[in-house]
Amino acid sequence: MQKLEMLYEGKAKKVFKTVEEKLYIVDYKDDATAFNGVKKGTIVGKGVVNNKMSAAMFLMLEEKGIPTHFVKLLSDRESLVKAVKILPLEVIIRNVVAGSFSKRMGIEEGTELKETILEFCYKNDELGDPIINDYHIYAVGLADREQVATVKEYAFKINEIMKAYFLERGIRLVDFKLEFGLYEGKVILADEISPDTCRLWDVATGKKLDKDRFRRDLGDVEATYQEVLNRIQG
Ligand code: UDP
């Protein structure tokens with residue numbers, strides 16, 4: 001399948017139309033940003049890792065009953081996906097205290113949570129993706145009640161599936177961000193699942209195996225992204 005006009009260029013990916021109205025091509029870049037675009041850089045090979053890892057995660061989740069936008073891998077950096085309309089929500093799942101939650105709540109990073117947390121952010125770069133709740137979603141009309149119920153059900157299921165999947169690979173799933181889209185009127189999982197969108201800690205050593213290596217200048221960034229992919233590909 002050929003790329004036609006570019007529809008959208010984000011921080012980490014480009015999206016292209018294809019001859020099929022219902023299919024897009026996603027092209028993963030090596031560009032990395034953090035802190036709402038304030039920190040910019042390149043992680044060499046990241047696009048390849050995130051493309052291949054997302055493909056593996058979406059295939060695995062589909063097998064376990066989660067509908068996703070993924071159709072097939074086209075190349076090292078490109079995937080064919082269903083053309084969804086993205087819901088303007090970032091869905092964050094937290095198993096362990098980290099990142100913005102640690103700052104906001106004043107709780108030390110690494111603290112195990114008594115229950116899994118689901119947070120919504122309004123997907124809007126200019127506003128810095130502010131945290132919102134269900135009332136904001138309905139009052140503003142970002143999604144309807146049925147869509148939100150489905151998003152929550154899928155997000156918690158995905159968490160259980162991914163926690164077990166990563167644990168088998170010696171990785172603790174700390175937190176992650178999901179995006180969902182509408183396809184033929186139904187909610188399906190979209191965007192990506194990668195070290196850019198998940199916090200992953202090595203079970204044995206506690207080493208951070210994710211974008212925090214870039215955010216916090218911890219070094220060993222490229223090799224760590226590759227290491228995560230290697231563990232997934234076995
Ligand atoms: N996350 C993401 N994109 C965002 C914000 C967060 O992929 O725009 C991911 C992030 O990598 C982490 C989780 O969501 O795995 C929770 O992020 P947090 O709210 O702690 O924000 P951060 O500390 O990344 O600013």
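In listed order, ligands and their atoms are each counted from 1.
Under 4.0 angstrom from ligand 1, the non-hydrogen atoms of Cys198 all belong to its backbone. Residue contacts with ligand 1, taken as heavy atom pairs separated by less than 4.0 Å, do not involve Lys211 at all.
Between the choices Arg104, Glu90, Arg94, Lys177, the shortest heavy-atom distance to atom 19 (O) of ligand 1 belongs to Arg94. Taking each of Ala34, Ala98, Ser100, Gly99 in turn, the one with a heavy atom nearest to atom 18 (P) of ligand 1 proves to be Ser100.
Under the 4.0 angstrom criterion for non-hydrogen atoms, Arg215 is in contact with ligand 1.
Of the possible polar contacts, one joining the Gln147 side chain to the Asp144 backbone as a donor-acceptor pair under 3.5 Å is found.
Ion pairing between a basic and an acidic side chain is recognised when a charged N comes within 4.0 Å of a carboxylate O; Asp30 and Arg77 show such pairing. Ion pair Glu109/Lys208 flagged as a salt bridge, since at least one NZ, NE, NH1 or NH2 atom sits closer than 4.0 Å to an Asp/Glu carboxylate oxygen. By the 4.0 Å N-to-carboxylate-O rule, Lys152 lies close enough to Asp134 to be salt-bridged with it. Salt bridge Glu78/Lys3: present, at least one basic N to carboxylate O contact under 4.0 Å.
In this structure, atom 13 (C) of ligand 1 lies nearest to the protein heavy atom Asp175 OD1, 3.4 Å. Of the protein's non-hydrogen atoms, the one nearest atom 6 (C) of ligand 1 is Ile92 CD1, 4.3 Å. The protein heavy-atom contact nearest to atom 23 (O) of ligand 1 is Arg199 NH2, 2.8 Å.
Close approach of ligand 1 to Asp129 is summarised as follows: ligand atoms under 4.0 Å from at least one heavy atom of the residue are 8 (O). Set against the non-hydrogen atoms of Asp196, the atoms of ligand 1 under 4.0 Å away are 7 (O), 11 (O).
For the pair Arg169 and Tyr165, the cation sits on the ring face: its NZ or CZ lies under 6.0 Å from the ring centre, inside 45° of the axis.
Side-chain contact between Tyr28 and Lys46 is absent, with no heavy-atom pair separated by less than 4.5 Å.
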